[in-house]
Protein chains: 2
Amino acid sequence: MNVEKIIKTDKQIPITSRTIIHLSLVETKINEMMTAALKPHGVSLQQFNVLRILRGQKGKPANLSTLNERMVTKMSNTTRLVDKLILKGYVERMVCPSNRRKVEINITSNGESALSLMDLAMKETEEKLLENFSTDDLRSLNDLLDKF
Amino acid sequence: MNVEKIIKTDKQIPITSRTIIHLSLVETKINEMMTAALKPHGVSLQQFNVLRILRGQKGKPANLSTLNERMVTKMSNTTRLVDKLILKGYVERMVCPSNRRKVEINITSNGESALSLMDLAMKETEEKLLENFSTDDLRSLNDLLDKF
DNA sequence: TCCATACATTTGTATATACAATTGTTGTAA
DNA sequence: TTACAACAATTGTATATACAAATGTATGGA
(Lines give C-alpha, C1' and ligand atoms only; values in the text may rest on other atoms or scores of the structure.)
Protein backbone atom coordinates (compact mmCIF):
# COMPACT_ATOMS: atom_id res chain seq x y z
CA MET A 1 0.00 0.00 0.00
CA ASN A 2 1.01 3.54 -0.68
CA VAL A 3 1.96 5.08 2.63
CA GLU A 4 3.08 8.41 1.22
CA LYS A 5 0.12 10.03 2.91
CA ILE A 6 1.48 9.01 6.28
CA ILE A 7 5.06 9.99 5.68
CA LYS A 8 4.20 13.27 4.01
CA THR A 9 2.00 14.30 6.88
CA ASP A 10 4.79 14.88 9.33
CA LYS A 11 8.39 13.72 9.11
CA GLN A 12 8.89 13.39 12.85
CA ILE A 13 5.63 11.73 13.64
CA PRO A 14 6.30 9.08 16.35
CA ILE A 15 5.97 5.40 15.52
CA THR A 16 2.94 5.02 17.77
CA SER A 17 0.90 7.60 15.88
CA ARG A 18 2.24 6.34 12.59
CA THR A 19 1.03 2.85 13.38
CA ILE A 20 -2.43 4.07 14.30
CA ILE A 21 -2.71 6.13 11.14
CA HIS A 22 -1.35 3.26 9.08
CA LEU A 23 -3.98 0.93 10.47
CA SER A 24 -6.75 3.32 9.75
CA LEU A 25 -5.57 3.82 6.17
CA VAL A 26 -5.41 0.08 5.62
CA GLU A 27 -8.87 -0.36 7.07
CA THR A 28 -10.20 2.32 4.76
CA LYS A 29 -8.69 0.55 1.78
CA ILE A 30 -10.22 -2.75 2.82
CA ASN A 31 -13.58 -1.13 3.34
CA GLU A 32 -13.53 0.57 -0.02
CA MET A 33 -12.62 -2.61 -1.88
CA MET A 34 -15.19 -4.72 -0.06
CA THR A 35 -17.90 -2.14 -0.58
CA ALA A 36 -17.03 -1.94 -4.27
CA ALA A 37 -17.19 -5.73 -4.58
CA LEU A 38 -20.65 -5.79 -3.00
CA LYS A 39 -22.01 -2.87 -4.95
CA PRO A 40 -23.19 -4.93 -7.96
CA HIS A 41 -25.12 -7.07 -5.50
CA GLY A 42 -26.89 -4.06 -4.02
CA VAL A 43 -25.97 -4.65 -0.40
CA SER A 44 -23.73 -2.80 2.02
CA LEU A 45 -20.88 -4.43 3.92
CA GLN A 46 -22.98 -4.44 7.07
CA GLN A 47 -25.90 -6.07 5.31
CA PHE A 48 -23.55 -8.71 3.94
CA ASN A 49 -22.33 -9.41 7.45
CA VAL A 50 -25.85 -9.87 8.72
CA LEU A 51 -26.56 -12.36 5.96
CA ARG A 52 -23.37 -14.25 6.71
CA ILE A 53 -24.19 -14.48 10.40
CA LEU A 54 -27.68 -15.72 9.63
CA ARG A 55 -26.33 -18.42 7.37
CA GLY A 56 -23.97 -19.43 10.17
CA GLN A 57 -27.06 -20.09 12.27
CA LYS A 58 -27.88 -23.04 10.04
CA GLY A 59 -31.63 -22.58 10.16
CA LYS A 60 -31.77 -21.60 13.81
CA PRO A 61 -33.28 -18.11 13.84
CA ALA A 62 -31.30 -15.23 15.32
CA ASN A 63 -32.76 -12.38 17.30
CA LEU A 64 -31.54 -8.82 17.07
CA SER A 65 -29.42 -8.95 20.20
CA THR A 66 -27.38 -11.92 19.06
CA LEU A 67 -26.96 -10.36 15.64
CA ASN A 68 -25.80 -7.25 17.34
CA GLU A 69 -23.31 -9.00 19.59
CA ARG A 70 -21.53 -10.41 16.58
CA MET A 71 -21.51 -7.23 14.65
CA VAL A 72 -19.59 -4.02 14.75
CA THR A 73 -22.56 -1.69 14.92
CA LYS A 74 -25.06 -0.21 17.28
CA MET A 75 -28.38 -1.80 18.16
CA SER A 76 -30.54 0.90 16.60
CA ASN A 77 -28.83 0.35 13.28
CA THR A 78 -29.35 -3.37 13.34
CA THR A 79 -33.11 -2.85 13.21
CA ARG A 80 -32.78 -0.73 10.12
CA LEU A 81 -30.22 -3.01 8.53
CA VAL A 82 -32.66 -5.86 8.80
CA ASP A 83 -35.39 -3.62 7.37
CA LYS A 84 -33.34 -3.18 4.25
CA LEU A 85 -32.73 -6.89 3.89
CA ILE A 86 -36.42 -7.62 4.25
CA LEU A 87 -37.20 -5.15 1.47
CA LYS A 88 -34.77 -7.09 -0.72
CA GLY A 89 -36.41 -10.35 0.25
CA TYR A 90 -33.20 -11.78 1.68
CA VAL A 91 -34.42 -12.27 5.25
CA GLU A 92 -37.70 -12.56 7.11
CA ARG A 93 -38.64 -11.36 10.55
CA MET A 94 -41.25 -12.60 12.96
CA VAL A 95 -42.07 -12.13 16.60
CA CYS A 96 -40.65 -14.89 18.78
CA PRO A 97 -43.59 -16.98 20.03
CA SER A 98 -42.00 -17.85 23.40
CA ASN A 99 -40.94 -14.29 24.20
CA ARG A 100 -42.80 -11.65 22.32
CA ARG A 101 -40.25 -8.98 23.08
CA LYS A 102 -37.85 -10.81 20.85
CA VAL A 103 -37.74 -10.93 17.10
CA GLU A 104 -36.59 -13.93 15.11
CA ILE A 105 -34.74 -13.35 11.92
CA ASN A 106 -34.13 -15.95 9.24
CA ILE A 107 -32.35 -15.91 5.93
CA THR A 108 -34.59 -16.81 2.99
CA SER A 109 -33.56 -19.18 0.22
CA ASN A 110 -33.51 -16.14 -1.99
CA GLY A 111 -31.06 -14.61 0.45
CA GLU A 112 -28.93 -17.74 0.53
CA SER A 113 -28.45 -17.82 -3.21
CA ALA A 114 -27.70 -14.11 -3.36
CA LEU A 115 -25.22 -14.60 -0.56
CA SER A 116 -23.33 -17.34 -2.36
CA LEU A 117 -22.81 -15.00 -5.29
CA MET A 118 -21.54 -12.30 -2.94
CA ASP A 119 -19.19 -14.83 -1.38
CA LEU A 120 -17.43 -15.31 -4.68
CA ALA A 121 -16.95 -11.58 -5.14
CA MET A 122 -15.72 -11.21 -1.59
CA LYS A 123 -13.32 -14.10 -1.85
CA GLU A 124 -11.73 -12.55 -4.92
CA THR A 125 -11.37 -9.23 -3.17
CA GLU A 126 -9.88 -10.86 -0.14
CA GLU A 127 -7.31 -12.65 -2.23
CA LYS A 128 -6.42 -9.45 -4.03
CA LEU A 129 -6.05 -7.63 -0.71
CA LEU A 130 -3.84 -10.30 0.78
CA GLU A 131 -1.85 -11.26 -2.29
CA ASN A 132 1.40 -10.11 -0.72
CA PHE A 133 0.90 -12.07 2.48
CA SER A 134 2.31 -15.48 3.26
CA THR A 135 0.51 -17.69 5.76
CA ASP A 136 3.18 -16.81 8.29
CA ASP A 137 2.59 -13.14 7.65
CA LEU A 138 -1.09 -13.62 8.32
CA ARG A 139 -0.35 -15.45 11.54
CA SER A 140 2.01 -12.73 12.75
CA LEU A 141 -0.45 -10.05 11.80
CA ASN A 142 -3.21 -11.76 13.74
CA ASP A 143 -0.92 -12.17 16.73
CA LEU A 144 0.02 -8.52 16.66
CA LEU A 145 -3.57 -7.46 16.31
CA ASP A 146 -4.35 -9.54 19.37
CA LYS A 147 -2.24 -7.18 21.41
CA PHE A 148 -4.82 -4.46 21.01
CA MET B 1 -8.31 -7.35 22.58
CA ASN B 2 -11.22 -9.62 22.93
CA VAL B 3 -11.47 -11.60 19.74
CA GLU B 4 -14.31 -13.81 20.86
CA LYS B 5 -16.53 -12.16 18.32
CA ILE B 6 -14.30 -13.44 15.57
CA ILE B 7 -13.94 -16.94 16.87
CA LYS B 8 -17.58 -17.29 17.74
CA THR B 9 -18.67 -16.21 14.31
CA ASP B 10 -17.53 -19.31 12.53
CA LYS B 11 -15.11 -21.96 13.74
CA GLN B 12 -13.78 -22.86 10.33
CA ILE B 13 -13.43 -19.36 9.02
CA PRO B 14 -10.22 -19.21 6.92
CA ILE B 15 -7.26 -17.20 8.16
CA THR B 16 -7.60 -14.67 5.36
CA SER B 17 -11.13 -13.70 6.34
CA ARG B 18 -10.23 -13.86 9.98
CA THR B 19 -7.42 -11.39 9.46
CA ILE B 20 -9.67 -8.99 7.63
CA ILE B 21 -12.32 -9.16 10.31
CA HIS B 22 -9.71 -8.84 12.99
CA LEU B 23 -8.34 -5.71 11.40
CA SER B 24 -11.72 -4.16 11.13
CA LEU B 25 -12.52 -4.88 14.77
CA VAL B 26 -9.24 -3.36 15.88
CA GLU B 27 -9.88 -0.31 13.77
CA THR B 28 -13.33 0.07 15.29
CA LYS B 29 -11.85 -0.08 18.75
CA ILE B 30 -9.26 2.55 17.90
CA ASN B 31 -11.91 4.77 16.40
CA GLU B 32 -14.17 4.48 19.40
CA MET B 33 -11.42 5.32 21.85
CA MET B 34 -10.14 8.23 19.83
CA THR B 35 -13.62 9.61 19.33
CA ALA B 36 -14.30 9.30 23.06
CA ALA B 37 -11.06 11.12 23.87
CA LEU B 38 -11.99 13.98 21.57
CA LYS B 39 -15.58 14.22 22.68
CA PRO B 40 -14.93 16.60 25.61
CA HIS B 41 -13.20 18.88 23.13
CA GLY B 42 -16.22 18.97 20.86
CA VAL B 43 -14.50 17.86 17.66
CA SER B 44 -14.71 14.72 15.60
CA LEU B 45 -11.70 12.60 14.65
CA GLN B 46 -11.80 14.01 11.16
CA GLN B 47 -11.91 17.56 12.42
CA PHE B 48 -8.95 16.82 14.65
CA ASN B 49 -7.03 15.52 11.66
CA VAL B 50 -7.72 18.67 9.70
CA LEU B 51 -6.41 20.77 12.55
CA ARG B 52 -3.31 18.64 12.83
CA ILE B 53 -2.58 18.91 9.13
CA LEU B 54 -3.04 22.67 9.25
CA ARG B 55 -0.60 22.97 12.12
CA GLY B 56 1.85 20.88 10.11
CA GLN B 57 1.71 23.59 7.47
CA LYS B 58 3.48 25.96 9.86
CA GLY B 59 1.64 29.07 8.81
CA LYS B 60 1.59 28.22 5.12
CA PRO B 61 -2.12 28.04 4.25
CA ALA B 62 -3.56 24.81 2.86
CA ASN B 63 -6.20 24.62 0.20
CA LEU B 64 -8.96 22.05 0.18
CA SER B 65 -7.31 19.75 -2.33
CA THR B 66 -4.13 19.38 -0.33
CA LEU B 67 -6.14 18.84 2.84
CA ASN B 68 -8.07 16.22 1.01
CA GLU B 69 -5.00 14.42 -0.32
CA ARG B 70 -3.75 13.88 3.18
CA MET B 71 -7.03 12.78 4.60
CA VAL B 72 -9.13 9.69 4.47
CA THR B 73 -12.31 11.32 3.28
CA LYS B 74 -14.04 12.59 0.20
CA MET B 75 -13.73 16.08 -1.17
CA SER B 76 -17.32 17.06 -0.53
CA ASN B 77 -16.91 16.27 3.14
CA THR B 78 -13.78 18.32 3.48
CA THR B 79 -15.76 21.45 2.66
CA ARG B 80 -18.23 20.68 5.40
CA LEU B 81 -15.56 19.63 7.87
CA VAL B 82 -13.93 23.00 7.44
CA ASP B 83 -17.34 24.66 7.85
CA LYS B 84 -17.64 23.10 11.28
CA LEU B 85 -14.17 24.20 12.30
CA ILE B 86 -14.91 27.76 11.20
CA LEU B 87 -18.03 27.78 13.35
CA LYS B 88 -15.86 26.80 16.29
CA GLY B 89 -13.39 29.53 15.45
CA TYR B 90 -10.52 27.09 15.02
CA VAL B 91 -9.73 27.85 11.38
CA GLU B 92 -10.36 30.60 8.86
CA ARG B 93 -10.99 30.39 5.16
CA MET B 94 -10.35 32.89 2.39
CA VAL B 95 -10.23 32.87 -1.35
CA CYS B 96 -6.73 32.43 -2.71
CA PRO B 97 -5.73 35.73 -4.32
CA SER B 98 -3.54 34.17 -7.03
CA ASN B 99 -6.10 31.58 -8.09
CA ARG B 100 -9.61 32.42 -7.11
CA ARG B 101 -10.82 28.88 -7.63
CA LYS B 102 -8.78 27.87 -4.63
CA VAL B 103 -9.53 28.42 -0.99
CA GLU B 104 -6.88 28.99 1.63
CA ILE B 105 -7.38 27.59 5.07
CA ASN B 106 -5.44 28.58 8.16
CA ILE B 107 -5.54 27.47 11.74
CA THR B 108 -6.29 30.29 14.18
CA SER B 109 -4.40 30.81 17.43
CA ASN B 110 -7.60 29.77 19.14
CA GLY B 111 -7.45 26.56 17.13
CA GLU B 112 -3.79 26.00 18.00
CA SER B 113 -4.38 26.18 21.71
CA ALA B 114 -7.44 23.93 21.49
CA LEU B 115 -5.39 21.50 19.44
CA SER B 116 -2.63 21.29 22.01
CA LEU B 117 -5.18 20.23 24.61
CA MET B 118 -6.53 17.60 22.26
CA ASP B 119 -3.00 16.38 21.65
CA LEU B 120 -2.65 15.49 25.30
CA ALA B 121 -5.88 13.51 25.32
CA MET B 122 -4.92 11.73 22.13
CA LYS B 123 -1.44 10.90 23.35
CA GLU B 124 -2.91 9.25 26.44
CA THR B 125 -5.32 7.24 24.34
CA GLU B 126 -2.59 6.17 21.99
CA GLU B 127 -0.46 4.98 24.87
CA LYS B 128 -3.35 3.05 26.33
CA LEU B 129 -4.07 1.46 22.97
CA LEU B 130 -0.50 0.44 22.39
CA GLU B 131 0.47 -0.46 25.94
CA ASN B 132 1.08 -4.09 24.98
CA PHE B 133 3.36 -3.26 22.07
CA SER B 134 7.12 -3.14 22.14
CA THR B 135 8.92 -0.95 19.64
CA ASP B 136 9.78 -4.08 17.68
CA ASP B 137 6.13 -5.05 17.64
CA LEU B 138 5.25 -1.67 16.22
CA ARG B 139 7.89 -2.00 13.56
CA SER B 140 6.68 -5.44 12.52
CA LEU B 141 3.10 -4.27 12.50
CA ASN B 142 3.99 -1.36 10.26
CA ASP B 143 5.92 -3.65 7.96
CA LEU B 144 3.04 -6.05 7.72
CA LEU B 145 0.57 -3.26 7.07
CA ASP B 146 2.82 -2.11 4.25
CA LYS B 147 2.00 -5.31 2.42
CA PHE B 148 -1.53 -4.11 1.83
C1' DT C 1 -53.45 -8.25 41.38
C1' DC C 2 -50.61 -4.26 40.95
C1' DC C 3 -46.35 -1.98 40.37
C1' DA C 4 -41.63 -1.21 39.61
C1' DT C 5 -38.00 -2.87 37.03
C1' DA C 6 -35.51 -5.03 33.41
C1' DC C 7 -35.45 -6.51 28.79
C1' DA C 8 -35.73 -6.34 23.46
C1' DT C 9 -36.58 -3.63 19.99
C1' DT C 10 -37.97 0.51 17.64
C1' DT C 11 -38.33 5.43 16.60
C1' DG C 12 -36.80 10.37 16.44
C1' DT C 13 -33.32 13.46 15.61
C1' DA C 14 -28.91 15.25 14.66
C1' DT C 15 -24.91 14.49 12.34
C1' DA C 16 -21.84 12.19 8.97
C1' DT C 17 -20.77 10.41 4.56
C1' DA C 18 -20.95 9.03 -0.46
C1' DC C 19 -22.01 10.20 -4.98
C1' DA C 20 -23.60 13.07 -8.59
C1' DA C 21 -24.52 17.41 -10.33
C1' DT C 22 -23.52 22.31 -10.20
C1' DT C 23 -21.04 26.73 -9.74
C1' DG C 24 -17.40 29.68 -10.52
C1' DT C 25 -12.65 30.22 -12.29
C1' DT C 26 -8.67 29.53 -15.27
C1' DG C 27 -6.04 28.27 -19.34
C1' DT C 28 -5.81 27.56 -24.16
C1' DA C 29 -6.64 26.70 -28.97
C1' DA C 30 -9.23 28.35 -32.99
C1' DT D 1 -12.30 37.21 -28.56
C1' DT D 2 -14.80 33.35 -27.99
C1' DA D 3 -15.65 28.63 -27.06
C1' DC D 4 -14.39 24.77 -24.62
C1' DA D 5 -12.10 21.76 -21.51
C1' DA D 6 -9.98 21.35 -17.01
C1' DC D 7 -9.82 22.60 -12.36
C1' DA D 8 -11.33 23.68 -7.32
C1' DA D 9 -14.79 23.88 -4.45
C1' DT D 10 -19.61 23.63 -3.17
C1' DT D 11 -24.37 22.03 -2.99
C1' DG D 12 -28.26 18.58 -3.28
C1' DT D 13 -29.84 14.27 -2.19
C1' DA D 14 -29.93 9.74 -0.48
C1' DT D 15 -28.24 6.82 2.77
C1' DA D 16 -25.77 5.58 7.08
C1' DT D 17 -24.78 6.05 11.84
C1' DA D 18 -24.79 7.55 16.82
C1' DC D 19 -27.28 8.64 20.72
C1' DA D 20 -31.27 9.35 23.47
C1' DA D 21 -35.92 8.57 24.26
C1' DA D 22 -39.96 5.77 23.69
C1' DT D 23 -42.66 1.48 22.99
C1' DG D 24 -44.14 -2.92 24.10
C1' DT D 25 -43.32 -7.16 26.81
C1' DA D 26 -41.94 -10.07 30.71
C1' DT D 27 -40.70 -10.94 35.57
C1' DG D 28 -40.57 -10.80 40.55
C1' DG D 29 -42.08 -9.05 44.84
C1' DA D 30 -45.62 -6.42 47.97
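Residue numbering restarts at 1 for every chain, and letters A, B, ... go by the order of the sequence lines.
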Using a strict 4.0 Å threshold on nitrogen-to-oxygen distance, state whether A:Arg139 and A:Asp136 make a salt bridge. yes
Nearest-Å distance, CD (A:Glu104) to C1' (C:dA8)? 13 Å
Contacts of A:Lys74 and A:Ser98 projected onto DNA chain D by closest heavy atom; the upstream (5') one is A:Lys74
Of the listed nucleotides C:dT9, D:dT10, C:dA16, the one nearest the side chain of B:Gln47: C:dA16
A:Lys102 side-chain proximity, nearest of C:dA8, D:dT10, D:dA6: C:dA8
Need one value for A:Thr78: base, sugar-phosphate or nothing, where a base atom within 4.0 Å counts as base even if backbone is also close, heavy atoms only. nothing
Under 4.0 Å, heavy atom to any atom of DNA chain D: which of residues 84-93 of chain B qualify? B:Arg93
So if I take every side-chain heavy atom of B:Arg101 and compare against D:dG12, C:dG24, D:dA26, which nucleotide ends up nearest? C:dG24
Closest heavy-atom pair and its distance - A:Val26, B:Leu145: CG2-O, 3.8 Å
Roughly, in whole Å, what's the span from CG in B:Leu45 to P in D:dT17? 17 Å
Are any of the side-chain nitrogens in B:Asp119 or B:Arg55 under 4.0 Å away from the carboxylate oxygens of its partner? yes
For B:Glu124, does the CD atom sit with more than 12 other heavy atoms under 6.0 Å from it, leaving out its own atoms? no
Where along residues 34-41 of chain A does a heavy atom come under 4.0 Å from DNA chain D, residue by residue in number order? none
Spacing of B:Gln46 atom CD relative to D:dT17 atom P, expressed in whole Å: 15 Å
Can a donor-acceptor pair under 3.5 Å be found between the side-chain atoms of A:Ser65 and the base atoms of C:dC7? no
Specify the separation, in whole Å, of atom CG of A:Asn63 and atom P of C:dT10. 10 Å
For C:dA18, take OP1 and OP2 only and decide whether either is under 4.0 Å from a side-chain N or O of B:Asn77. yes
Listed partners of B:Lys123 passing salt bridge (charged side-chain N to carboxylate O under 4.0 Å, His left out), at least two apart: B:Glu127
If you go through the side-chain atoms of A:Arg80, does one of them form a donor-acceptor pair with the base of C:dG12 closer than 3.5 Å? yes
Search all heavy atoms of B:Ser44 against all heavy atoms of B:Leu81 and return the closest pair with its distance. OG-CD2, 4.3 Å
Specify the residue among A:Leu64 and A:Glu32 whose closest nucleotide of DNA chain C lies further upstream toward the 5′ end. A:Leu64
Tell me: CE of A:Met75 to C1' of D:dA16, nearest whole Å? 18 Å
Applying salt bridge (charged side-chain N to carboxylate O under 4.0 Å, His left out), can you list everything that pairs with A:Arg100, at least two apart in sequence or on another chain? none
Write down the atom of B:Ala37, the atom of B:Ala121, and the distance for their closest heavy-atom approach. O-CB, 3.9 Å
Separation of atom CG in B:Asn49 from atom P in C:dA16, rounded to whole Å: 14 Å
Whole Å only: how far is the CZ atom of B:Arg100 from the C1' atom of C:dT26? 11 Å
Hits for salt bridge (charged side-chain N to carboxylate O under 4.0 Å, His left out) against A:Asp143, two or more places apart or cross-chain, chain-then-number order -> none
Whole-Å gap separating P (D:dA8) and CG (B:Asn99): 7 Å
Residues two or more places apart in sequence or in another chain: which of them pass salt bridge (charged side-chain N to carboxylate O under 4.0 Å, His left out) with B:Arg101? none
